[in-house]
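Structure first, commentary second.
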Amino acid sequence: MKLNRRTFLRYAAGAGIAAGLGGPRALLGDVRPRAAGPPPAGNPLRMPTVHTGGTISAAKAQIAVWPGSPVELWTYDGVYPSPTFRVQSGDDVELTFTNNLTEPSNIHWHGLIVPAEMDGHPRDAVAPGGTFRYAFTVNQRAGAYWYHPHPHMRTAAQVYGGMAGFFIVEDEEERALGLPSGEYEIPLLLQDRRVETDRSFTYAPTDADMATGYLGDTVIVNGTPDAVLDVARDVYRFRVLNGSNARILDLALSDSSAFHVIGTDGGLLDKPYDVQHSMMAPAERLDILIDFSRYQIGGTVTLTSRNFEGGSGRQQGAEMTILRFNIVRDGAPTPIPTTLVPLERWDPAQAVRTREFVLRTDHSTGMQHMINNRTFSMERVDETVRRGDLEIWTFANPTQEAHPMHVHGTQFQVLDFNENPEVEPKDLGWKDTVNVPAFTTVRVLTRFSPYTGLYMAHCHNLEHEDGGMMTNVEIVSDSAVEQDPGAAPDRMDLR
Ligand code: C2O
Ligand code: CU
Ligand code: CU
């Protein structure tokens with residue numbers, strides 16, 4: 001997609017009006033930057049396609065990320081970004097996956113709680129040319145989940161190549177809130193890519209990249225470089241997913257004005273939380289409302305990642321431009337709800353055990369990433385957990401880099417960071433990924449239900465994951481909670 005003629009004309013017209021109104025004052029030096037020169041370059045934000053039908057395939061495809069110069073990317077269904085699934089809580093999903101790549105691949109439904117055989121564990125990777133039928137019931141609350149490949153030691157390469165999409169679940173409780181919808185509800189898949197000198201998404205990590213994670217120089221939004229979006233003076237809902245391999249973002253608006261966090265990984269919060277910025281590690285989601293009614297028509301504001309003190313990656317923490325909003329028309333802003341959904345807090349006093357996960361990197365190679373001094377082994381079960389047990393999991397990070405820790409098969413609750421229970425809005429509610437900053441210990445409450453079988457936990461810095469910072473977690477049934485294996489799972493006790 002490019003800055004087409006129509007967009008250009010609209011832009012030019014907007015600039016003309018601004019120049020006209022501001023004309024005399026412009027002479028006095030009070031001129032908005034946009035009226036002063038040509039409109040900044042940009043590409044209209046792409047929207048992911050919506051997945052329909054009962055099949056999905058993995059295949060390379062030619063994609064014109066930059067207008068006019070297609071490059072070969074790794075895709076689901078030949079598009080980038082990958083198609084968005086949109087389902088209702090309670091829906092059955094049945095999908096035949098075909099792997100048309102020349103290496104194993106599969107689909108992991110990140111954040112969804114599905115039977116272990118459907119979870120996309122790397123041991124269930126599909127051989128080139130093979131197929132697999134995913135079938136599961138979506139039994140969880142409304143939220144922005146996502147999907148991506150999970151083959152052994154190739155997750156990073158395939159995701160970087162372009163394979164990642166939203167899996168949006170809706171439910172009645174959410175609908176009743178009347179949140180912005182339709183063209184006012186926009187998914188934003190944020191992915192940094194290393195494209196300054198080569199725009200083909202080449203993935204060639206060095207040892208240093210394997211140590212820090214593969215960091216890009218540009219944030220691509222829904223497959224759009226230099227993305228711009230025309231908006232009304234209205235409230236928009238953005239479902240933001242950090243789909244980067246390793247890049248941690250600190251979302252903020254360029255004028256530092258506040259936005260409202262209404263949901264995290266596993267769905268809505270109890271109420272909106274106003275923030276001026278929010279960190280987002282790889283795999284985390286934020287559901288946010290931005291009210292553009294405070295801006296004038298003809299104005300712009302940009303979603304950015306603020307500069308922050310990062311890990312040892314040379315560019316981690318660098319300031320990045322994400323998406324420019326052009327305010328182009330009036331709106332009819334709906335009031336922002338004061339409450340959202342009830343959230344039940346699990347009580348740590350009820351936890352039946354504590355497990356510790358110590359995260360380390362072997363600096364002699366920089367490529368060995370470990371949990372409890374072991375790199376991942378496909379057949380070794382590291383943790384055995386009883387279904388239904390409430391546990392405290394401690395992620396201890398003595399390294400100088402952040403590790404966004406993700407657990408399959410559950411949505412957990414964050415207890416504290418270095419014993420401080422004051423967590424930021426981004427870590428409230430239901431989480432499947434929590435960023436564990438350098439030299440920090442994070443405790444979370446977990447409970448796995450209703451399925452048994454082999455799941456996993458790992459760092460979602462994908463180079464760390466592929467480099468071994470991953471562990472097998474087997475959920476076993478407790479005779480006290482034994483269910484009829486043929487029966488449909490109960491709606492999960494998640495709230
Ligand atoms: Cu999104 Cu096992 O990962
Ligand atoms: Cu996952
Ligand atoms: Cu890590």
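Remember, predicted model here, so these are calculated numbers, not experimental data. Counting starts at 1 for both ligands and their atoms, following the listed order.
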*Examine all N, O or S atoms of His108, backbone included, and report whether one is under 2.8 Å from atom 1 (Cu) of ligand 1.*
no

*Please determine if atom 1 (Cu) of ligand 1 has an N/O/S atom from His460 lying under 2.8 Å away.*
yes

_Within the 3.5 Å criterion, strictly below it, is a donor on His460 or Thr433 matched to an acceptor on the partner's side chain?_
no

*Test Phe85 against every option in Trp146, Tyr76, Tyr147 by the ring-ring contact (aromatic ring centres under 6.0 Å, His included) rule and name the one that passes.*
Tyr147

_Atom name in His464, limited to N/O/S, at shortest distance from the Cu ion (ligand 3)_ = ND1

_Could you check whether Thr96 and Arg133, counting side-chain N and O atoms only, form a donor-acceptor pair closer than 3.5 Å?_
yes

*If you look at His403, which of its N/O/S atoms is nearest to the Cu ion (ligand 3)?*
ND1

*Glu424 atom CD, neighbour heavy-atom count above 12 within 6.0 Å*: no

_Using ring centroids (six-membered ring only for Trp), state whether His150 and His121 fall under 6.0 Å._
no

_Sub-6.0 Å ring centroid separation between Phe132 and Phe97_ = no

*Using a cut-off of strictly less than 2.8 Å, determine whether His108 has an N/O/S atom near the Cu ion (ligand 2).*
yes

*Kindly give the atom name of the N, O or S atom of His406 closest to the Cu ion (ligand 2).*
NE2

*Please determine if atom 1 (Cu) of ligand 1 has an N/O/S atom from His110 lying under 2.8 Å away.*
yes

*N/O/S atom of Cys459 under 2.8 Å from the Cu ion (ligand 3), yes or no?*
yes

